[in-house]
Engineer: 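Dumping the structure here so I can ask a few things about it.
Protein chains get the first letters and strands the later ones, always in sequence-line order, with residue 1 at the start of each. Heavy-atom basis, side chains included; hydrogens, waters and symmetry copies ignored.
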Number of protein chains: 2
Amino acid sequence: MTRERPGNPVVLDATARAVLDRFSSFAGGDGGSDEGGLQNCPVRNVLDRVGDKWSLLILIALSHQPRRFAALQREVGDISKRMLTQSLRTLERDGLVARQVFPTKPPAVEYSLTALGESALPPIAGLVGWAAMAHDEIRAARQGFDAAAG
Amino acid sequence: MTRERPGNPVVLDATARAVLDRFSSFAGGDGGSDEGGLQNCPVRNVLDRVGDKWSLLILIALSHQPRRFAALQREVGDISKRMLTQSLRTLERDGLVARQVFPTKPPAVEYSLTALGESALPPIAGLVGWAAMAHDEIRAARQGFDAAAG
DNA sequence: GGGATATGGTCTCGGATGTAGACCACCTAT
DNA sequence: ATAGGTGGTCTACATCCGAGACCATATCCC
């Protein structure tokens with residue numbers, strides 16, 4: 001198999017490299033020794049949460065300050081009540097978001113980030129930063145691709 | 001009752017704060033001036049890609065070296081051919097992944113990261129690192145939640 | 001020659017998942 | 001009395017996803 005770049009597969013700083021290597025060590029490196037795959041990694045569980053459309057948005061919306069249900073829905077914009085409820089439950093179950101009920105006349109419910117939830121903000125900000133940076137290039141790539149392959 | 005921390009909503013370094021603020025400035029800050037919501041933000045487009053279950057995993061799998069279709073499927077583990085094809089197309093369209101066909105007897109197809117795709121690796125590594133760190137705490141939170149609320 | 005196997009996909013079907021919107025019990029303001 | 005806001009739940013309907021069949025080709029093995 002030529003077409004491999006033996007010593008230098010991808011340019012990436014050592015820290016990130018180590019993190020990713022450790023993560024995919026579940027796949028048996030590249031020799032294909034044991035064909036387990038990434039799906040057995042415990043980190044996958046956490047990543048799958050992040051990987052659902054709404055969690056990230058909700059976390060970001062809560063990063064400013066605690067918010068109530070309706071305010072949250074308005075801020076995210078195009079999320080249905082059902083999915084907001086469901087996502088918040090999951091986030092609460094995972095300990096990223098705290099739910100507090102105030103026994104006012106119509107009970108108010110306030111959602112806020114826990115310490116754990118706040119700890120997710122820097123990595124999320126990293127991702128958002130990258131997205132902002134890459135956005136133009138991605139849009140250009142899409143146009144090129146669509147033009148070529150109609 | 002102590003539930004609001006007026007001047008200090010969330011402890012977060014200035015860079016990350018700025019990134020998130022900029023992102024959610026589409027929601028009109030916190031005054032609720034114009035109720036646009038996050039959905040109008042161009043970054044949402046990019047974030048939605050990240051927010052699908054497989055893209056992240058594929059990018060990580062490719063971070064080691066270029067891979068062929070079947071190898072990729074084996075590495076990710078529980079992805080169907082259909083979704084792998086579809087995700088790879090999207091990634092290719094977005095300019096994160098390059099597809100190269102070798103006209104061998106049964107044509108081999110190799111997928112690799114583009115420079116843009118590689119630029120996504122550090123933020124992804126940040127996320128994976130967080131996931132690894134938070135994993136234990138999250139699992140504990142889940143157990144607590146499930147125990148409390150059946 | 002006739003399987004068996006591998007390649008990279010596509011296609012179809014049935015079930016899971018998401019969305020829109022009605023509905024609810026309660027309260028306030030008009 | 002009526003309208004609207006609170007936090008949700010419930011029910012249709014639409015969309016999406018995963019499993020697996022299928023394809024054209026070529027190679028290996030007997």
Side-chain angles (χ1 to χ4, degrees), chain A residues 1-4 32 35 37-40 44 47-58 61-62 66-93 97-112 145 149-150, chain B residues 3 32 35 37-39 44 47-58 61-62 66-93 97-112 145 149-150:
Chain A
M1 294 86 168
T2 52
R3 72 184 183 274
E4 279 185 346
E35 298 296 337
L38 261 32
Q39 82 274 32
N40 296 322
R44 261 290 287 275
L47 226 46
D48 281 350
R49 287 278 163 279
V50 171
D52 95 287
K53 201 176 174 183
W54 303 117
S55 302
L56 275 187
L57 275 330
I58 292 174
L62 288 176
R67 290 213 181 263
R68 295 172 54 180
F69 188 88
L72 217 33
Q73 189 181 16
R74 274 192 300 270
E75 178 155 359
V76 175
D78 56 350
I79 187 175
S80 64
K81 283 178 162 193
R82 206 180 88 97
M83 285 314 293
L84 182 55
T85 302
Q86 185 174 312
S87 301
L88 283 170
R89 284 284 134 72
T90 304
L91 255 14
E92 187 193 357
R93 185 172 102 102
V97 158
R99 179 179 188 269
Q100 194 178 3
V101 181
F102 295 93
T104 49
K105 316 59 159 300
V109 180
E110 188 179 84
Y111 294 92
S112 56
F145 187 91
Chain B
R3 72 187 203 270
E35 299 294 338
L38 261 30
Q39 82 274 32
R44 260 290 288 276
L47 225 46
D48 282 350
R49 288 277 163 277
V50 171
D52 94 288
K53 201 177 177 185
W54 302 118
S55 302
L56 275 188
L57 275 330
I58 292 175
L62 288 177
R67 289 209 183 267
R68 295 172 52 181
F69 189 88
L72 216 34
Q73 188 180 17
R74 274 191 300 271
E75 177 155 0
V76 175
D78 55 350
I79 187 174
S80 63
K81 283 178 162 193
R82 207 180 88 95
M83 285 316 292
L84 183 54
T85 301
Q86 186 173 312
S87 301
L88 283 171
R89 285 285 134 74
T90 303
L91 255 14
E92 188 193 357
R93 186 171 101 104
V97 160
R99 180 178 187 269
Q100 193 177 3
V101 182
F102 295 93
T104 50
K105 316 57 150 309
V109 181
E110 188 179 83
Y111 294 92
S112 56
F145 187 91

Engineer: Rounded to the nearest 0.5 Å, how far apart are CG of A:Asp78 and CE of A:Met83?
Structural biologist: 11.5 Å
Engineer: Rounded to the nearest Å, what distance is computed from the CG atom of residue A:Asp78 to the C1' atom of nucleotide C:dG18?
Structural biologist: 12 Å
Engineer: Within the distance-only criterion (no hydrogens, no angle test), does the side chain of A:Gln73 pair as donor or acceptor with the backbone N or O of A:Ile79 below 3.5 angstrom?
Structural biologist: yes
Engineer: Given C:dT19, D:dG7, D:dC17, identify the nucleotide with an atom nearest to the side chain of A:Lys81.
Structural biologist: D:dG7
Engineer: Drop me the distance from B:Leu72's CG to B:Tyr111's OH, to the nearest 0.5 angstrom.
Structural biologist: 8.5 Å
Engineer: Roughly how many Å is it from CD in B:Gln100 to C1' in C:dT7, rounded to a whole number?
Structural biologist: 17 Å
Engineer: Need to verify one output field. Residue with the more 5' nearest nucleotide on DNA chain D, B:Trp54 or A:Ala70?
Structural biologist: A:Ala70
Engineer: What's the NZ-P distance between A:Lys53 and D:dC17, to the nearest Å?
Structural biologist: 11 Å
Engineer: Given C:dT10, D:dG7, C:dT7, which nucleotide is nearest the side-chain atoms of B:Arg89?
Structural biologist: C:dT10
Engineer: What is the separation between atom CD on B:Gln73 and atom P on C:dT7, rounded to the nearest whole Å?
Structural biologist: 10 Å
Engineer: Can you check the A:Arg68 CZ to D:dG5 C1' distance for me, whole Å?
Structural biologist: 9 Å
Engineer: Which comes earlier along DNA chain C counting from the 5' end, the contact point of B:Pro107 or that of A:Asp52, where each point is its nearest nucleotide?
Structural biologist: B:Pro107
Engineer: With sugar-phosphate meaning primed atoms plus P, OP1 and OP2, does A:Arg82 contact a base, only sugar-phosphate, or nothing at under 4.0 Å between heavy atoms?
Structural biologist: base
Engineer: Counting heavy atoms from C-beta on, name the nucleotide in D:dG7, C:dT10, D:dG18 closest to the side chain of A:Val109.
Structural biologist: D:dG7
Engineer: Provide, to the nearest angstrom, the distance between the CG atom belonging to B:Leu84 and the P atom belonging to C:dG8.
Structural biologist: 10 Å
Engineer: Out of curiosity, B:Arg49 CZ to B:Leu47 CG, how far, rounded to the nearest 0.5 Å?
Structural biologist: 11.0 Å
Engineer: Side chain of A:Ser80 only, heavy atoms from C-beta on: which candidate in C:dG8, C:dA20, D:dG7 is closest?
Structural biologist: C:dA20
Engineer: Pick the closest DNA chain C nucleotide for A:Ile79 and for B:Tyr111 by heavy atoms, then say which residue is nearer the 5' end.
Structural biologist: B:Tyr111
Engineer: Take atom CZ of B:Arg67 and atom P of C:dG8, then tell me their distance rounded to the nearest Å.
Structural biologist: 13 Å
Engineer: Out of C:dT10, D:dT9, C:dG8, which has the shortest distance to the side chain of B:Thr85?
Structural biologist: C:dT10
Engineer: Got a second to check how far A:Phe102's CZ is from A:Arg68's CZ, nearest 0.5 Å?
Structural biologist: 9.0 Å
Engineer: I need the CZ-P distance between B:Phe102 and C:dG8, as an integer number of Å.
Structural biologist: 12 Å
